[in-house]
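To start, the structure under review is shown below, and the notes come after it.
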Amino acid sequence: MQGYEEELLRCQNPRCKGPATAAFGMLQGKRNASVAGRGEFLSFADDLLSGLGTSCVAAGRSHGEAPEVSIYSVIFKCLEPDGLYKFTLYAVDTRGRHSELSTVTLRTACPLVDDNKAEEIADKIYNLYNGYTSGKEQQTAYNTLMEVSASMLFRVQHHYNSHYEKFGDFVWRSEDELGPRELHDFLKSLGRISNHCSSLLRSAYIQSRVDTVPYLFCRSEEVRPAGMVWYSILKDTKITCEEKMVSMARNMYGESKGR
């Protein structure tokens, strides 16, 4: 963004690599980058620094390599897991001129799974399928499988096939015990998982962990009437920041149990 150095902003969210937006520019974000649509627009100054943004998006700041350089960040706290997002970014100078458009595409982390719980459910389903299955047991199995998330269902299938595939794999047994319409419900749920996450969910072991990450939450001290056109320079704007903490939960994948 040549010529807009006083308004440069970078995204420093661990899930967002690369430049994020510019001080007076607009950020247009939409889920599923391959899907056409206008998405949602946010202005760093008008929406985030002024406090008019939502609780899901916040303005942050960190220091650059030189003490006098501040790097402003856009922090997204409510992106859906296993989602592909595309952001279109540009800066605007005090004369209203736009920089060239830049884009950032990112995929969020896979949904959390409780792998021990998934294995317990797999054992429960096998016991319900084993031998004569009454209508009550069929309904219990169906309800149990429909109550879990798509990622948990994937892990249930993984554990079931790991332990009991010699008696028939999960899909075949589910169709045989519950019927093709019920099986379709399961497959429809599994179809919402991306190829990326499907590959990770096939790992031998999955453990979840929570990391606490500090960040600076910033707001402008200037009060401006709604709809007012603002032509100040970001570096001359009075901004206050306070340190906050955000918890980031994620899965750890591996071929052996970690300590």
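Under the 3.5 Å distance criterion, the side-chain polar atoms of E137 are matched with a main-chain donor or acceptor of S134. In this structure, the side chain of S199 does not engage the main chain of N195 through any donor-acceptor pair within 3.5 Å. Using modelled atom types, one side-chain atom of T108 and one backbone atom of E80 make a donor-acceptor pair closer than 3.5 Å. The main-chain N or O of R250 is never found under 3.5 Å from a side-chain atom of S208 such that the two would form a donor-acceptor pair. Between the side chain of S203 and the main chain of L200, a donor-acceptor pair closer than 3.5 Å is present.
Taken to the nearest 0.5 Å, the CZ atom of R192 stands 11.5 Å off from the CG atom of L187. Atom CG in L153 sits 7.0 Å away from atom CZ in F186 (nearest 0.5 Å). The CD atom of E175 sits 10.0 Å away from atom CD of E182, with the distance rounded to the nearest 0.5 Å.
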Show me, pair by pair, the donor-acceptor contacts under 3.5 angstrom made by side chains of residues 144-152, not counting sequence neighbours?
unit_1 : atom_1 : unit_2 : atom_2 : d
T144   : OG1    : K124   : NZ     : 3.4
T144   : OG1    : T140   : O      : 2.7
S149   : OG     : S151   : OG     : 3.2
S149   : OG     : M152   : N      : 3.3

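When side chains are defined from C-beta on, V171 counts as touching Q157, because their heavy atoms get closer than 4.5 Å. When side chains are defined from C-beta on, R155 counts as touching L201, because their heavy atoms get closer than 4.5 Å.
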Full working for side-chain contact (heavy atoms from CB on, under 4.5 Å) between V210 and M248
CA-CA 5 Å; V210 178; M248 299 181 62; over 6 Å; no

Going through the distances and angles, do F167 and Y126 end up as a ring pair (Phe, Tyr, Trp, His ring centres under 6.0 Å)?
CA-CA 9 Å; F167 303 111; Y126 169 75; 5.7 Å; yes

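Looking at H163 and D123, their side chains never bring a donor and an acceptor atom within 3.5 Å of each other. Between the side chains of Y164 and D169, not a single donor N or O lies within less than 3.5 Å of an accepting N or O. With no hydrogens or angles considered, a side-chain donor-acceptor pair links S174 and Y129 at under 3.5 Å. The closest side-chain donor-acceptor pair between S194 and D82 falls under 3.5 angstrom.
Screening residues 112-203 for disulfide (SG to SG under 2.5 Å), with sequence neighbours left out, gives C110-C197.
Legend: residues meeting side-chain contact (heavy atoms from CB on, under 4.5 Å) with T240, ordered by chain and number and at least two apart, are E221.
In summary, D211 and R209 engage in a salt bridge, as defined by a charged side-chain N under 4.0 Å from a carboxylate O.
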